[in-house]
Chemist: 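Here it is, the structure, as structure tokens.
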Protein chains: 4
Amino acid sequence: MSPRTTAQFEEIRLKSREKIILAAMELFSRQTYHNTSIADIAKEAGVSKGLIYNYFDTKEDIIKGIVEYMMAMGDRIMVESRNEDDPRQELREMIRQTFAFIEEQGHITRLMVPLALEIEQFSFINEIIEEKSKYYLGRLVTVLERMGYEDAEMEAWTLGLMLDGIPLDYSILGARLPIKKLEQYLYKKYNL
Amino acid sequence: MSPRTTAQFEEIRLKSREKIILAAMELFSRQTYHNTSIADIAKEAGVSKGLIYNYFDTKEDIIKGIVEYMMAMGDRIMVESRNEDDPRQELREMIRQTFAFIEEQGHITRLMVPLALEIEQFSFINEIIEEKSKYYLGRLVTVLERMGYEDAEMEAWTLGLMLDGIPLDYSILGARLPIKKLEQYLYKKYNL
Amino acid sequence: MSPRTTAQFEEIRLKSREKIILAAMELFSRQTYHNTSIADIAKEAGVSKGLIYNYFDTKEDIIKGIVEYMMAMGDRIMVESRNEDDPRQELREMIRQTFAFIEEQGHITRLMVPLALEIEQFSFINEIIEEKSKYYLGRLVTVLERMGYEDAEMEAWTLGLMLDGIPLDYSILGARLPIKKLEQYLYKKYNL
Amino acid sequence: MSPRTTAQFEEIRLKSREKIILAAMELFSRQTYHNTSIADIAKEAGVSKGLIYNYFDTKEDIIKGIVEYMMAMGDRIMVESRNEDDPRQELREMIRQTFAFIEEQGHITRLMVPLALEIEQFSFINEIIEEKSKYYLGRLVTVLERMGYEDAEMEAWTLGLMLDGIPLDYSILGARLPIKKLEQYLYKKYNL
DNA sequence: GATGAATGAGGGTTCATTCAT
DNA sequence: AATGAATGAACCCTCATTCAT
């Protein structure tokens, strides 16, 4: 009889929001942002069209929601794995995590890369990608320096580019990309 | 007043078709496939909307036209540069051409990469990319073998992935990607 | 903890209802009936959307509520000001009250005039206006007859029309309408 | 076989545009701007919804089109009727034209007055009304001065307001407003 | 009495595509 | 070959209204 408490409402809101975000992620990665209509998302989420606008001001806003959701969910590439004593160990861990991420969360890759390219206005995605890359590159440089590389910066770039190429090729070649063997090869190549 | 010859007609047709394709390329790379309307293309090409349907059955068909056009235009990454005597020279040439292509024809890169990801129905683009990659990879393997690399296949993959990563990063970082230095570094790294 | 008495409930009801009506009046006159949503009203009234439907069956119903509210509030144009002895005095009082109303309650004017025209279904507003006008006109006729006007009815019409023209011009011209001077001029013209 | 000439296209465009404007005028005056949908207009004009956007950028733009159309159609209140010799004759003509306009083109009145009040953003309608009023008032002042009125300006205001009141009352009372008798009464009152 | 999440019809607008000329 | 008026399906979004709590 009495109205729901604020906490109850909050929980309901979170659940609905999540349903919508998950549906949107699924569809965007399956069929592209532009080929997915609000009606599609609503149906996939089992929710009315109108409700979506209770949580997102605009269709593009849903993307922002997805990114936030993913960041909150873990953002697992970035798990810290510093190793003061052994730079080799640290580099190995960085590479391992990157491959693990691509394999385990391949759909995120397949979602974000196209999104970044598909929606030009969405500079904020590019900004996130750029910032992460810069941070990642910085760490690579440090580690490679400690490993004694002379031109550590350029070597970091080649490694970084290669790791960036993986999701791209992966989204085209899928299983034909020999990920496992590549990972092993990198360990060997860098003596890890 | 004399009726135009078949050849004249054919020439007119080719000219109009080219105008449309060039306009579409320009706009797709500037503003994305989905954000470009047939009306936009018509205006950019200085042609009526109706005429476009005289040459292309559908909007997506224009993409096919673009790809064909680009292939016909020279496909310059693929210029043969075999060098039976010196594999080093051949690899150097392959790398050089790749970088040259990215720099000179950056807009094509910025056009094709998004297109490949944006339009899922367009498996044929993926197929083209895949075929080219396979060919390119094959050549890399051969060259690296001749250069004495033990695991030439995996080394070719790393190099290929890296070269694929460049356009991706380039379309995000633009001038902040140190392309020139990267090219030089690769020459040094592979002793070319 | 003791249950509220019926009277207390009734008071609460009245208070909420009034809050809603005042909010709606404010917004309708500020931004038009059609540009004001139930959500806007709820926010302005500091009340939930649901509650509004506790007091009004429909959005249009709120208008009925506003009209009733205004009538109950005093209907101040219509304050009786009969003066058996001096028709001049009576006419002067009628004119004075009209001008006073327009000046003091300008927002009501700006609310009702558009409303009457905007919402055709709302014949009842037109009916009210019509009835008031007829009554007002009747009084004018009587007064003017007593003042000796030969064609009192037509003179009453001209005066009535003029007084109707004021809110209309007022809602367009605002302060550029020389209300004060007009009032004085009318007194002079009718020798009041 | 050959494409239509520019002139032919121009004629087609004018015709379609007019069909749409006439349909919109009809519906706006019958059921209010806000209660008329683009679909309604399309149906009334016997045209597709899409075509309307070939001629008007936006729904509000149609109003601008209507106003322009009406101005181009004649704007008949404003027919010059100067009479250097006899101000009485000139005033009589002004009043006559006003009444004629209201009677003959009542739908325009019923269209524009609500429109001006319904759409607040549409300052341009208000501006037109204001400008016309100022002009009209100015002429009234001049004429009344020549007729010897002492406070010609205020007298002009009362007359102007009254003439403004007519369309307002007319849109509410319709035929119950004794227009004919009012007109005659004014002639008599002003000795025309 | 009160809340706000949820619904769904409907509105404005866009745009690929057709077709008469 | 060429034009651009015309179509209509589809899309994003708004909002009055309902209802479980």
Side-chain angles (χ1 to χ4, degrees), chain A residues 1-6 8-13 15-17 34 36-42 47-60, chain B residues 4 8-9 12-13 15-16 34 36-42 47-62, chain C residues 4 8-10 12-13 15-16 34-42 47-62, chain D residues 1-6 8-13 15-17 34-42 47-60 62:
Chain A
M1 284 299 167
S2 52
R4 272 174 273 225
T5 65
T6 307
Q8 282 172 314
F9 276 129
E10 187 60 23
E11 201 191 317
I12 292 176
R13 282 190 72 81
K15 257 200 187 107
S16 290
R17 212 184 127 91
H34 276 109
T36 301
S37 70
I38 292 286
D40 291 340
I41 298 174
V47 133
S48 76
K49 262 192 305 175
L51 191 65
I52 293 179
Y53 288 89
N54 220 318
Y55 295 97
F56 303 96
D57 285 340
T58 200
K59 192 185 171 192
E60 289 197 346
Chain B
R4 271 174 275 220
Q8 280 174 317
F9 270 125
I12 292 175
R13 281 193 69 81
K15 273 240 167 65
S16 290
H34 276 107
T36 301
S37 69
I38 293 286
D40 290 340
I41 297 172
V47 132
S48 75
K49 263 188 300 178
L51 191 64
I52 293 180
Y53 285 88
N54 214 320
Y55 295 100
F56 303 95
D57 286 341
T58 153
K59 191 184 172 191
E60 291 196 343
D61 222 41
I62 297 176
Chain C
R4 273 174 272 221
Q8 280 173 318
F9 271 125
E10 188 58 23
I12 292 175
R13 279 193 70 82
K15 274 239 167 69
S16 291
H34 277 107
N35 290 322
T36 301
S37 69
I38 293 285
D40 290 339
I41 298 173
V47 132
S48 76
K49 262 189 300 179
L51 191 63
I52 292 180
Y53 285 88
N54 214 318
Y55 294 101
F56 303 96
D57 286 341
T58 153
K59 191 186 173 190
E60 291 196 344
D61 223 40
I62 298 176
Chain D
M1 283 301 167
S2 52
R4 272 172 273 225
T5 65
T6 307
Q8 282 172 314
F9 276 129
E10 187 61 22
E11 200 191 318
I12 292 176
R13 282 190 72 81
K15 250 191 196 118
S16 290
R17 212 184 126 91
H34 277 108
N35 291 321
T36 300
S37 71
I38 293 286
D40 291 340
I41 298 174
V47 133
S48 74
K49 261 194 305 176
L51 190 66
I52 293 180
Y53 287 89
N54 220 317
Y55 295 96
F56 302 96
D57 286 340
T58 197
K59 191 186 172 191
E60 289 198 345
I62 298 176

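Proteins get letters first, then strands, A, B, ... in listed order; numbering begins at 1 in each.
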Chemist: Looking at E/dA2, E/dT17, F/dT7, which one has an atom nearest to any side-chain atom of D/Ser48?
Modeler: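 It is F/dT7.
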
Chemist: Closer than 4.0 Å, any side-chain N/O of B/Asn54 to the OP1 or OP2 of F/dA2?
Modeler: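 No.
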
Chemist: If you check the D/Ile38 side chain, which of F/dG4, F/dC13, E/dG12 turns out closest?
Modeler: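 Looking only at heavy atoms from C-beta outward on D/Ile38, the closest nucleotide is E/dG12.
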
Chemist: Just N and O in the side chain of D/Tyr53: are any of them under 4.0 Å from OP1 or OP2 of E/dT14?
Modeler: no

Chemist: Base, sugar-phosphate, or nothing for D/Lys59, non-hydrogen atoms under 4.0 angstrom?
Modeler: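 D/Lys59: backbone/sugar contact only, no base atoms under 4.0 Å.
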
Chemist: Treating A/Glu11 as the side-chain partner and A/Gln8 as the backbone partner, does any N or O pair qualify as donor plus acceptor under 3.5 Å?
Modeler: no

Chemist: Which is more 5' along DNA chain F, the nucleotide nearest C/Gly50 or the one nearest A/Asp57? Just name the residue.
Modeler: A/Asp57

Chemist: Once you round it to whole Å, what is the distance between C1' of E/dA2 and CZ of A/Phe9?
Modeler: 9 Å

Chemist: Check the pair B/Arg13 / B/Asn54 against side-chain contact (heavy atoms from CB on, under 4.5 Å), numbers first and verdict last.
Modeler: CA-CA 10 Å; B/Arg13 281 193 69 81; B/Asn54 214 320; 4.0 Å; yes

Chemist: Strictly below 4.0 Å: does D/Thr58 bring a side-chain N or O up to OP1 or OP2 of E/dT13?
Modeler: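 For E/dT13, OP1/OP2 do have a side-chain N/O of D/Thr58 under 4.0 Å.
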
Chemist: Tell me which nucleotide among F/dT14, E/dA16, E/dG11 gets nearest to the side chain of D/Ser37.
Modeler: E/dG11

Chemist: Taking the minimum atom-to-atom distance to the side chain of D/Arg4, which one of E/dG1, F/dC13, E/dA20 wins?
Modeler: E/dA20

Chemist: What's the closest nucleotide to the D/Val47 side chain, out of E/dA5, F/dT7, E/dG1?
Modeler: F/dT7

Chemist: Round to a whole Å and report the spacing from CD1 of D/Ile52 to P of E/dG11.
Modeler: 13 Å

Chemist: Write down the partner of E/dA20 under the Watson-Crick or G-U wobble criteria, each distance required to be under 3.5 Å.
Modeler: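 Pair assignment: E/dA20 / F/dT3.
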
Chemist: Taking only the side-chain heavy atoms of A/Leu51 (C-beta and beyond), determine which of F/dT21, E/dA5, F/dA16 contains the nearest atom.
Modeler: E/dA5

Chemist: If I take atom CD1 in residue A/Ile41 and atom P in nucleotide F/dC11, what distance separates them, rounded to the nearest angstrom?
Modeler: 11 Å

Chemist: For C/Tyr55, report the nucleic acid contact type (base, sugar-phosphate, nothing); a contact means any heavy atom under 4.0 Å.
Modeler: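 Sugar-phosphate, no base atom in range.
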
Chemist: With both distances kept under 3.5 Å, what pairs with F/dC12, Watson-Crick or G-U wobble?
Modeler: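 By the stated definition (distances under 3.5 Å), E/dG11 pairs with F/dC12.
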
Chemist: From the options E/dA2, E/dA6, F/dC13, select the nucleotide whose nearest atom is closest to the side chain of C/Lys49.
Modeler: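 Comparing E/dA2, E/dA6, F/dC13 against the side chain of C/Lys49, the answer is E/dA6.
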
Chemist: Rounded to the nearest angstrom, tell me the gap between atom CD in D/Gln8 and atom P in F/dA2.
Modeler: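 Interatomic distance, CD of D/Gln8 to P of F/dA2: 19 Å.
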
Chemist: Can you identify which nucleotide, out of F/dT3, F/dA6, F/dA1, has its nearest atom closest to the D/Ser16 side chain?
Modeler: F/dA6

